[in-house]
2 protein chains.
Amino acid sequence: MKKSITLKELAKLLKVSVSTVSKALNDSHEISESTKRKVEEAAKLHNYKPNRAALNLKSGKTNTIGVVLPSIKNFFLARALRGIESVIANTDYNIVISITNESYEKEVKSVEALTNGMVDGLIISVSEETQILQDFSHLHDIPDDIHMIMFDRVESTITCDKVLVDDYDAISKTVRDLKFKGRNKIVLASTISKLSVGKQRTKGYIDSIKDKHAPILIEGPEDFIEVKLNKLLRDEDIDTIIALDEEASLASFRAGKKNNLLEKGKLFLVGYAGKTMSEHLTPSLTTIDQHGKKVGRTSAKLLLERFKRPNKDIEQVIVDSTLRERDTTTLKKS
Amino acid sequence: MKKSITLKELAKLLKVSVSTVSKALNDSHEISESTKRKVEEAAKLHNYKPNRAALNLKSGKTNTIGVVLPSIKNFFLARALRGIESVIANTDYNIVISITNESYEKEVKSVEALTNGMVDGLIISVSEETQILQDFSHLHDIPDDIHMIMFDRVESTITCDKVLVDDYDAISKTVRDLKFKGRNKIVLASTISKLSVGKQRTKGYIDSIKDKHAPILIEGPEDFIEVKLNKLLRDEDIDTIIALDEEASLASFRAGKKNNLLEKGKLFLVGYAGKTMSEHLTPSLTTIDQHGKKVGRTSAKLLLERFKRPNKDIEQVIVDSTLRERDTTTLKKS
DNA sequence: CTGTTAGCGCTTTCAT
DNA sequence: ATGAAAGCGCTAACAG
């Protein structure tokens with residue numbers, strides 16, 4: 001940990017003016033090669049680092065992009081983050097991340113901290129609490145020279161570029177597929193019924209199941225789902241569960257296992273869950289892959305384009321999901 | 001997205017001086033209640049937000065803490081992050097996170113971006129590549145008014161507060177315990193042999209196994225471990241695997257399952273892995289819990305203390321691990 | 001109680 | 001080729 005030095009101090013040491021030093025370090029053509037070298041040497045020697053705050057103040061830019069995520073445990077959001085990073089890495093922007101842990105208050109704090117001059121742009125997926133409270137004033141208040149991209153959990157009253165997942169379609173398609181495979185009684189399990197995405201998925205289920213039987217919704221926290229499902233699997237002839245998030249998927253999985261239904265292929269289970277987890281369950285879990293990385297990449301690209309053309313038309317991109325068939329939707333051969 | 005306004009503009013609107021506005025907004029005693037109200041109203045109305053860059057430049061502080069993590073997938077690091085957040089949440093500091101994805105280059109970039117006036121302090125766990133290259137100059141170059149805490153993957157040549165996990169002891173204890181349980185041939189699997197923590201754990205294994213048999217080390221990427229282990233389990237009478245990280249744990253798990261050794265309790269497996277994953281494997285995985293959250297909390301506390309007393313003695317805290325016994329170290333009853 | 005002014009560290013005209 | 005000076009937005013002496 002060396003001592004830092006300012007441009008001014010450097011100038012004094014070299015007995016030249018600050019402007020000379022500044023220009024030399026910025027490789028200006030109006031500085032002689034010899035002084036340039038001298039300045040650069042001294043800068044390195046004294047560990048000169050330009051002061052960010054001064055730079056930002058002067059330029060009105062920060063070259064930093066803020067990413068606000070509700071959670072880090074969430075495999076989809078983690079993938080999306082990777083996607084964002086992968087495209088920003090090729091630019092000279094830096095990324096700072098802020099995790100809200102699904103809290104409205106933390107989200108407000110994060111957004112304010114970031115948008116008060118820490119970042120030039122924001123990529124955000126809002127917290128669960130924010131979607132429940134339906135209070136988006138902190139997002140409306142963002143200075144309009146800070147560009148914002150919303151992804152996955154978006155809000156229609158906010159005008160900005162958005163990246164969505166085909167939640168409604170993914171589930172409708174899944175239900176249709178399951179019906180085609182002869183599944184007769186399909187229940188839905190969800191811990192995210194308060195989220196926009198959860199609602200869309202549930203709607204997809206309801207709309208496409210209703211010609212077969214009345215929708216059976218199990219919504220609540222992970223433990224509740226497990227208990228409820230345990231009972232339901234014992235008492236009724238459920239043959240399929242669709243789980244809308246990882247917690248619901250695991251709760252469903254445990255319930256299915258406990259009742260010895262999954263191994264035999266008597267019970268089908270389609271869930272949302274990370275790849276590693278899905279593949280290591282026994283039997284392995286069939287999932288709906290939301291292509292988190294692509295969602296992240298798309299979001300980052302939209303932001304970069306917006307930087308270049310601040311007045312271009314607002315865009316809304318939808319990324320399709322893919323069904324990954326594994327053992328929980330496979331009939332036992334033996 | 002409203003238009004932002006500066007203090008100066010606000011002053012002009014209200015026909016008062018900038019200092020009056022500034023003082024009013026900072027609730028100075030030398031401003032009358034009436035003007036205070038007027039100013040606050042106007043500020044709210046015009047969506048005034050103080051410019052962070054100006055504030056930082058003026059005060060020389062940022063009220064922001066940077067957290068640099070090598071990975072976000074890593075359950076231990078994710079827990080540590082939660083720990084950090086939980087203590088910082090009660091302060092008026094903000095957190096910005098930067099993920100290096102185990103890359104030296106990204107780490108250098110992140111550290112520079114953060115320490116050039118974006119943060120007042122840094123909590124860092126270095127990347128794998130950095131530990132391989134053994135190049136820590138970017139950390140030595142940090143201005144000495146920015147305090148740094150290293151955790152888990154630390155570097156001895158850097159003088160700063162550190163939080164470590166009892167890697168050596170945790171494994172020695174585990175080996176001793178396994179020997180006591182009558183385990184005769186214990187192999188070690190690791191994808192992190194390049195990391196300081198991996199080396200410590202391996203050392204713990206070697207030192208405590210050598211009176212029983214020659215150490216058997218399987219080190220390399222996840223796939224390599226799986227292949228190697230598959231062969232080893234077939235050809236030799238291995239009865240126990242200790243896996244030093246989640247990838248090695250899962251590779252070991254797959255190999256054990258493939259050879260039908262885990263269910264019968266013929267093969268014991270102790271690994272490092274997240275709780276959710278461990279509990280959902282069949283059989284469930286016995287793990288060494290590093291108390292990531294506590295590590296994070298401790299790191300954050302050390303940093304806050306260091307802010308208060310910049311010259312206090314350097315501290316090094318070690319957080320003990322705990323063995324979580326599950327089914328992969330349980331003999332089959334039936 | 002309110003206003004004037006200097007200055008945080010840097011870049012950038014505009015002189016010289 | 002180099003330097004002087006203004007100014008980014010804000011705070012805090014210091015004056016009035």
Side-chain angles (χ1 to χ4, degrees), chain A residues 3-40 42-43 46-64 112-113 115-120 143 145-146, chain B residues 3-40 42-43 46-64 112-113 115-120 143 145-146:
Chain A
K3 198 142 279 169
S4 37
I5 192 176
T6 66
L7 219 171
K8 198 175 171 183
E9 291 164 341
L10 207 55
K12 193 176 293 177
L13 276 172
L14 293 166
K15 296 180 208 291
V16 293
S17 76
V18 283
S19 48
T20 304
V21 178
S22 171
K23 286 170 189 165
L25 290 172
N26 290 311
D27 200 28
S28 161
H29 59 273
E30 41 181 320
I31 299 292
S32 73
E33 286 306 317
S34 66
T35 25
K36 267 188 201 170
R37 262 190 295 102
K38 257 183 256 170
V39 171
E40 269 154 25
H46 294 92
N47 192 36
Y48 168 75
K49 307 250 185 158
N51 179 314
R52 234 205 148 72
L55 250 31
N56 293 350
L57 179 57
K58 188 73 188 150
S59 68
K61 297 182 72 277
T62 65
N63 262 55
T64 304
E112 287 189 343
T115 57
N116 286 346
M118 182 174 272
V119 304
D120 296 335
D145 52 349
I146 293 185
Chain B
K3 197 142 278 170
S4 38
I5 192 176
T6 67
L7 219 170
K8 198 174 170 184
E9 290 164 342
L10 208 54
K12 193 175 292 178
L13 277 173
L14 294 166
K15 296 178 209 289
V16 292
S17 75
V18 283
S19 52
T20 303
V21 178
S22 170
K23 285 170 189 166
L25 290 172
N26 290 311
D27 200 27
S28 160
H29 59 274
E30 43 179 323
I31 299 292
S32 72
E33 287 305 319
S34 65
T35 24
K36 266 187 201 170
R37 260 190 296 103
K38 254 183 260 172
V39 171
E40 270 154 26
H46 294 92
N47 193 36
Y48 168 75
K49 306 250 187 158
N51 179 314
R52 232 204 148 73
L55 250 31
N56 293 351
L57 179 57
K58 188 77 186 134
S59 68
K61 296 181 72 276
T62 65
N63 262 55
T64 303
E112 287 190 341
T115 57
N116 285 346
M118 183 173 271
V119 303
D120 297 334
D145 52 348
I146 293 185

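Proteins come first, then strands; the chains are lettered A, B, ... in the order of their sequence lines, and each starts at number 1. Since we're looking at a predicted model, the values are computed, not measured.
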Picking from C:dT2, D:dT2, C:dG3, the nucleotide nearest the side-chain atoms of B:Val16 would be C:dG3
Heavy-atom donor-acceptor pair, A:Ser32 side-chain to D:dA1 base, under 3.5 Å: no
Side-chain contact check for A:Ser17: nearest option of D:dG3, C:dT11, C:dT2 is D:dG3
Pick base, sugar-phosphate or nothing for A:Asn56, based on heavy-atom distances below 4.0 Å to the nucleic acid. nothing
To the nearest Å, give me how far apart NZ (B:Lys49) and P (D:dC10) are. 13 Å
Can you check the A:Leu57 CG to D:dC10 C1' distance for me, whole Å? 8 Å
Using the side-chain heavy atoms of B:Thr35, tell me which of these nucleotides is nearest: C:dT2, D:dA4, C:dC8. C:dT2
Nearest listed nucleotide, side chain of B:Lys23, among D:dT2, C:dG3, C:dG9: C:dG3
Taking the minimum atom-to-atom distance to the side chain of B:Ser19, which one of D:dT11, D:dA12, C:dG9 wins? D:dA12
The side chain of A:Thr20 is closest to which nucleotide in this list: D:dC8, D:dT2, C:dT2? D:dT2
Do the charged groups of A:Lys36 and A:Glu33 touch, with an N to O distance under 4.0 Å? yes
Closest approach of A:Ile5 and A:His46, non-hydrogen atoms and distance? CG2-O, 3.5 Å
Need one value for A:Leu55: base, sugar-phosphate or nothing, where a base atom within 4.0 Å counts as base even if backbone is also close, heavy atoms only. sugar-phosphate
Looking at the base of D:dG9, is there any donor atom on it, or on the side chain of A:Lys58, that sits under 3.5 Å from an acceptor on the other one? no
From C:dC14, C:dT12, D:dC10, nucleotide with atom closest to B:Asn51 side chain: D:dC10
Is a donor-acceptor contact shorter than 3.5 angstrom present between the side chain of A:Thr6 and the base of C:dG9? no
